[in-house]
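Remember, it's 1-based here, ligands and their atoms both numbered in the order they're listed.
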Amino acid sequence: MSTDLQISSLTSWFPSAKSPLIISGPCGAETEKQVIETAVAIAELNKVNVLRAGIWKPRTRPDSFEGAGENGLKWLEKAKKETGLKTTVEVANAEHVKLALKYNVDILWIGARTTVNPFYVQEIADALEGIDVPVMIKNPLSPDLQLWIGALERINRAGITKLIAVHRGFYSYSNSTYRNSPQWQIPIELMQTIPSLPVICDPSHIAGKRDLILQLAQQALDLKMCGLMIESHIHPDQALSDAAQQLTPVALSELLNSLVLRVEKSDNIEFQNTLELLRRKIDKIDHHLIETIAFRMQIVNKIGEYKSDHNVTILQLERWAQIINDRIPFGNNLALNPEFVKLLFQLIHDESIRIQTEIMNSSVEIKT
Ligand code: PEP
Ligand code: MN
C-alpha cells in the first residue's frame, strides 16, 4: 500500500544533531538527583544529542513504578538548562501532550503500547493539531508494519512533518535471546516504503539485557538506521524500571566509542572493482542455485504424478524427517547455520507439497 507522508529531513530541523543521532537517558525519571546526574554525565560524553526519560510509565503490572508525572517534567527542564541537551518524553494521551509542551519538552515520542491502538494515536494527533513539535513513533508491540505506518500517517495528517520512526523490536511468544524480537525485515520494509523517513533503533528494549545492546546497535547502523535510543542511568542496578538493560554513563561511552560507522560507498577504484567481481560471482551462483531448484521441482513433479497414479498421500512424515536429519548435518559440515538450513528446506518442502497438491487435485478433477 502506498503512502503520501510529508516528511521533513532530520538535518533540516535538527542541524546540530550529530550523525548518528544519539538519544539516551533513563527508562524513567525517578528523582531530581537521578535525572540531573545522569544528564550531566551523558552530556559530558559529547556524543549524546537528546536526553530521554519516561514520565508516565506504561507497566505490565499495576504495582510497578508508574513514573514521576509532572514533577519529572520539572527535573527534565532543569537538566536541559544545565546541560544544553534537547529533551524527549513518551506521551500516551492528550493530557501528556499538553503537560510535556508546558515544560518545553523538545521532542515527543509515542510508545509501543500506544502505537498499537489507533484510538490512542488519533487522540494524540488531535492534541497536536496546529503545534510544531517533532514526534518519534515506536513500532507497535505486534509485528504489523501497516499499524506502524498508520500511526505515522495519523500524526502526519495533524500537520507534524518532523517525524522519526523508532524500531524497538516486537513481542514474540517464543522464548528468544531478546526481550523483543528484532525482526529487522519490518523496519527495512518501512525504510523502503518511505525512503525520506528517518528510522532509528532502540536496542535497549530489543535486548532487555545490557550485554546484547552493542551488537544490536551496530547491526542497526549497518542497516542504515540513522540513530540510536539507548537507556542509561546513573545507578542502573537501582533503577525502578528496566534495570537489567540500562547502562551507566561510562558503559554508554564505551559502547558509543566502539561503534563502527561504515561508509555507504568507497571511492577507491580497486575496492569497487573487487566488489564488482565478487558480485558477478554471486550472480552466477544464484543462477545456478535457481536452476538446481528448478531441476529439483521437476523431480518433485514426477514423484507427484507417481504418487497420484498409486494413490499415495503427498506428505510422508518419515521422508521429511529423513531430509531434515540428512540436510542439517550436511550443511553443518560446510559451515552453514543449522537454523538457516532448516528454514531453507522448510521453504523448499512447502513448495514441493504445493506442487504435488496441484497434481493430485488435477487428477481428481479429471476423474470426476
Ligand atoms: C521506554 O522507552 O521506556 C518504553 C516504555 O519503551 P517501549 O514503548 O518501546 O516499550
Ligand atoms: Mn524502558
Side-chain angles (χ1 to χ4, degrees), residues 21-30 34-35 38-39 42 48 50-62 64-69 72-73 76 87-93 96-97 100 105 107-117 120-121 124 134-144 147-148 151-152 155 164-172 178-184 186-187 190 199-210 212-213 216-217 220 225 227-248 251-252:
L21 176 72
I22 303 293
I23 302 169
S24 191
C27 178
E30 298 164 0
Q34 168 244 9
V35 171
T38 308
I42 64 174
V48 176
V50 184
L51 171 66
R52 63 148 280 156
I55 298 297
W56 303 278
K57 297 304 300 174
R59 305 308 301 281
T60 306
R61 303 289 297 273
S64 319
F65 172 64
E66 292 195 314
L73 291 169
L76 217 58
T87 54
T88 183
V89 303
E90 174 176 353
V91 291
N93 59 37
H96 294 169
V97 171
V105 169
I107 304 172
L108 307 179
W109 97 72
I110 298 179
R113 288 161 192 76
T114 306
T115 312
V116 276
N117 190 326
Y120 302 155
V121 176
I124 296 169
V135 178
M136 302 192 285
I137 305 185
K138 290 201 173 193
N139 65 253
L141 294 173
S142 45
D144 183 342
L147 200 54
W148 198 2
L152 288 155
I155 301 299
I164 296 180
V166 186
H167 168 232
R168 50 77 77 199
F170 302 88
Y171 178 77
S172 155
Y178 302 113
R179 176 178 176 191
N180 288 294
S181 142
Q183 306 216 31
W184 296 102
I186 295 179
L190 178 66
V199 179
I200 68 169
C201 182
D202 168 352
S204 304
H205 286 87
I206 298 177
K209 314 186 232 339
R210 311 182 229 292
L212 297 175
I213 299 174
L216 288 163
M225 293 194 187
L228 298 167
M229 183 194 269
I230 300 177
E231 285 187 342
S232 56
H233 190 294
I234 195 78
H235 301 298
D237 292 332
Q238 292 163 27
L240 300 180
S241 58
D242 291 351
Q245 71 192 31
Q246 301 203 59
L247 300 177
T248 60
L252 175 71

Inspect the contact between Glu90 and Arg52 and indicate whether a charged nitrogen and a carboxylate oxygen are less than 4.0 angstrom apart.
no
Can you classify the ring geometry of Trp148 versus Phe170 as parallel (below 30°), tilted (30 to 60°) or perpendicular (above 60°)?
perpendicular
Please confirm whether Asp242 comes within less than 3.5 Å of ligand 1 when only nitrogen or oxygen atoms on both sides are compared.
no
Pull out every atom of ligand 1 sitting under 4.0 Å from any heavy atom of Cys27, numbered as shown with elements.
3 (O)
Within 4.0 Å of some non-hydrogen atom of Lys57, the atoms of ligand 1 are 1 (C), 3 (O), 5 (C)
Nitrogen or oxygen atoms of Glu231 and ligand 1 under 3.5 Å apart
yes
At a 4.0 Å threshold, what atoms of ligand 1 neighbour a non-hydrogen atom of Gly111?
8 (O)
Metal site angle (apex the Mn ion (ligand 2)), OE2 from Glu231 and SG from Cys27, 10 degrees:
90°
May I ask which of Gln245, Glu90, Arg179, Arg52 has a heavy atom nearer to atom 5 (C) of ligand 1 than the others do?
Glu90
Any nitrogen or oxygen of Lys138, side chain or backbone, less than 3.5 Å from one on ligand 1?
yes
Look only at interatomic distance and state if Arg113 has a nitrogen or oxygen under 3.5 Å from any nitrogen or oxygen of ligand 1.
yes
Short list, please: which atoms of ligand 1 are under 4.0 Å from a heavy atom of Arg168?
7 (P), 9 (O), 10 (O)
Can you give me the OD2-the Mn ion (ligand 2)-NE2 angle for Asp242 and His205, to 10°?
90°
Can a non-hydrogen atom of Met229 be found less than 4.0 Å from any atom of ligand 1?
no
I'd like to know whether Asp237 forms a salt bridge (Lys or Arg N to Asp or Glu O under 4.0 Å) with Arg210, so could you lay out the CA-CA distance, the side-chain angles of the two residues, the decisive distance to 0.1 Å, and finally the verdict.
CA-CA 11 Å; Asp237 292 332; Arg210 311 182 229 292; 2.8 Å; yes
Atom indices of ligand 1 within 4.0 angstrom of Ala112 heavy atoms, with elements
8 (O)
Distance-minimising heavy-atom pair for Ser204 and Met229
OG-O, 4.0 Å
